[in-house]
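Letters A, B, ... are given to chains in the order of the sequence lines, protein chains preceding strands, and every chain is numbered from 1.
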There are 2 protein chains.
Amino acid sequence: MQGPPHIQSKSLSAQIYAQLKYQLMAARLQPGDRLKIRDMAQSLGTSETPVREALLQLVRDGALEMKPGYYIRVRRLTLQEYVELREIRLLLEPHAAAKALQNVDDAFIAELEQVHETLIRAELEKDYPTALLANYEFHFSVYRRSEMPQLIEILERLWVQIGPLLNFLYPFGHPSYDGPHQHLNVIAALRNRDADALADAFRDDLIEGGRSFLKYLESIEPEKQP
Amino acid sequence: MQGPPHIQSKSLSAQIYAQLKYQLMAARLQPGDRLKIRDMAQSLGTSETPVREALLQLVRDGALEMKPGYYIRVRRLTLQEYVELREIRLLLEPHAAAKALQNVDDAFIAELEQVHETLIRAELEKDYPTALLANYEFHFSVYRRSEMPQLIEILERLWVQIGPLLNFLYPFGHPSYDGPHQHLNVIAALRNRDADALADAFRDDLIEGGRSFLKYLESIEPEKQP
DNA sequence: CATAATGAGATACATGATATATCAAATTTA
DNA sequence: TAAATTTGATATATCATGTATCTCATTATG
């Protein structure tokens with residue numbers, strides 16, 4: 001999600017799709033939020049067709065759910081679905097990171113540290129949308145260096161499914177930092193050019209980052225989210 | 001791809017999407033084949049809107065490629081893209097198989113042997129569409145037992161990207177069986193309830209199955225496919 | 001209290017209009 | 001004369017608009 005979307009010279013469907021994806025990642029939308037084609041078309045100043053097409057793409061991505069003749073809303077992940085997504089991410093993300101290592105230079109590591117600082121600052125200030133975007137940027141700026149575009153596509157789809165849930169849970173369950181932040185292990189591993197340590201650092205970040213979310217999800221699962 | 005598509009009581013887009021997906025897996029379409037919205041709408045007896053929507057889904061899946069104002073055609077994978085997809089599959093498919101093991105019983109193994117026999121018979125008779133579908137069925141009937149629906153979704157998307165290429169290459173490059181077929185190792189591992197052996201068998205099947213494709217792809221890559 | 005009819009709201013689809021990319025032929029130019 | 005460029009015709013996707021249909025909630029009814 002590189003900056004706010006100012007796309008041009010693409011089809012309208014594609015532009016709307018990109019906008020929505022950004023909103024899903026940037027804490028603008030929460031699980032269960034309903035999206036109405038007609039309203040969106042009006043507020044965007046377009047017709048319903050491209051809106052509908054963009055929404056259908058996101059349904060396919062698993063970010064939205066649709067009851068055919070009736071409504072479209074931001075998908076609500078069950079606890080079980082969240083766990084499954086995490087399991088898949090554990091298979092893919094450490095691998096992407098390890099592959100990225102060969103394309104990492106010192107300048108990149110410096111940039112990454114900047115992103116991490118932005119994340120920490122935003123968390124302290126309780127600016128969760130910024131924190132979420134910084135976390136996204138931290139992970140994907142590494143993954144992108146893997147030069148595996150199709151793997152990155154898959155990972156983007158996984159993240160856009162989880163995004164709204166994080167938006168909802170972040171204030172309650174963001175990592176607590178008893179120990180050092182896992183991102184620092186990532187940076188250290190990059191410095192040492194140690195692929196195994198790098199993969200492990202991402203694995204740990206995923207597990208630790210998810211732990212508090214999981215705990216919270218378990219506690220509210222019976223009653224479901226609003 | 002369970003049998004020919006006779007879908008009902010779904011949205012038109014979804015029906016058309018399912019049909020196209022089937023055709024992509026069943027050797028009806030080859031890389032580079034062009035798909036025209038208007039023609040398809042006419043031959044299906046529907047309007048253009050649902051056709052376009054179905055095609056857009058498949059573009060999103062990576063099965064089709066589209067030059068925005070101009071054409072839509074079956075995607076042509078480059079050698080590099082094929083290799084990347086195989087790398088991703090190697091991360092996911094053995095895992096899915098291992099997870100499936102706990103839900104496998106003897107009746108299932110017997111069914112799987114039937115599917116494998118269908119595959120072998122079809123290959124001998126050079127009935128490649130049937131062989132491809134049987135191979136699909138062999139793999140996914142195992143994966144489905146993993147009870148990881150989202151992982152299976154991802155795998156389906158990977159296969160639908162590769163499908164047309166296999167349709168094109170199968171006559172040239174289908175596995176040669178110097179040794180025993182890897183599917184037999186799969187069945188043996190299932191019988192022994194050996195998760196590691198099962199994962200390895202799928203890994204080997206993927207690598208061996210891809211080897212001859214790769215060789216062929218490399219030989220024609222410079223000039224590209226028709 | 002359970003069930004059936006009714007109505008509002010939203011999506012799904014069909015139809016029609018517009019814009020744009022490509023290709024080929026004609027024209028210009030070296 | 002040959003090459004390159006322009007120009008126009010054609011085909012196609014894209015988007016807008018209008019209509020039909022479906023789902024659910026509410027209310028009426030047995």
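Distance, A/Glu48 CD to D/dT17 P: 10 Å, rounded to whole Å. Taking atom CZ of A/Arg34 as the reference point, atom P of D/dC24 lies 10 Å away to the nearest angstrom. Between the C1' atom of C/dA14 and the CD1 atom of B/Ile37 lies a distance of 14 Å, rounded to the nearest Å. As a whole-Å value, the separation of A/Leu12 CG from D/dA13 P is 17 Å. When the P atom of D/dA13 is taken as reference, atom CD of B/Gln42 falls 13 Å away, rounded to whole Å. Here the C1' atom of nucleotide D/dA13 and the CG atom of B/Leu55 are 11 Å apart, to the nearest Å. D/dT17 atom C1' lies 15 Å from atom CZ of A/Arg52, rounded to whole Å. Counting to the nearest Å, the C1' atom of C/dC13 and the OH atom of A/Tyr70 are 20 Å from each other.
A perpendicular orientation is assigned to the rings of A/Phe202 and A/His139, their planes being inclined by more than 60° (bins at 30° and 60°).
Taking the ring centroids of B/Tyr22 and B/Tyr136, they lie at or beyond the 6.0 Å cut-off.
Among the protein residues, B/Leu35 comes within range of the sugar-phosphate backbone only, with heavy atoms under 4.0 Å from sugar or phosphate atoms but none that close to a base.
For A/Ser13 and D/dC15, the shortest distance from a side-chain N or O to OP1 or OP2 is below 4.0 Å. Taking side-chain N and O atoms only, A/Thr49 has no distance below 4.0 Å to OP1 or OP2 of D/dC15.
Closest to the A/Thr46 side chain, of the nucleotides D/dA16, C/dA14, D/dA13, is D/dA16. For B/Ser11, the listed nucleotide lying nearest its side chain is C/dC13; candidates were C/dC13, D/dC15, D/dA13.
The backbone N or O of B/Ala131 lies less than 3.5 Å from no partner atom in the side chain of B/Glu123, so there is not a single donor-acceptor pair.
Ion pair A/Arg89/A/Glu93 flagged as a salt bridge, since at least one NZ, NE, NH1 or NH2 atom sits closer than 4.0 Å to an Asp/Glu carboxylate oxygen. B/Arg38 has a carboxylate O that lies under 4.0 Å from a charged side-chain N of B/Glu48, or vice versa, which qualifies the two as a salt bridge.
Mapping A/Lys67 and B/Asp39 onto DNA chain D via the closest heavy atom, the residue that lands nearer the 5' end is B/Asp39.
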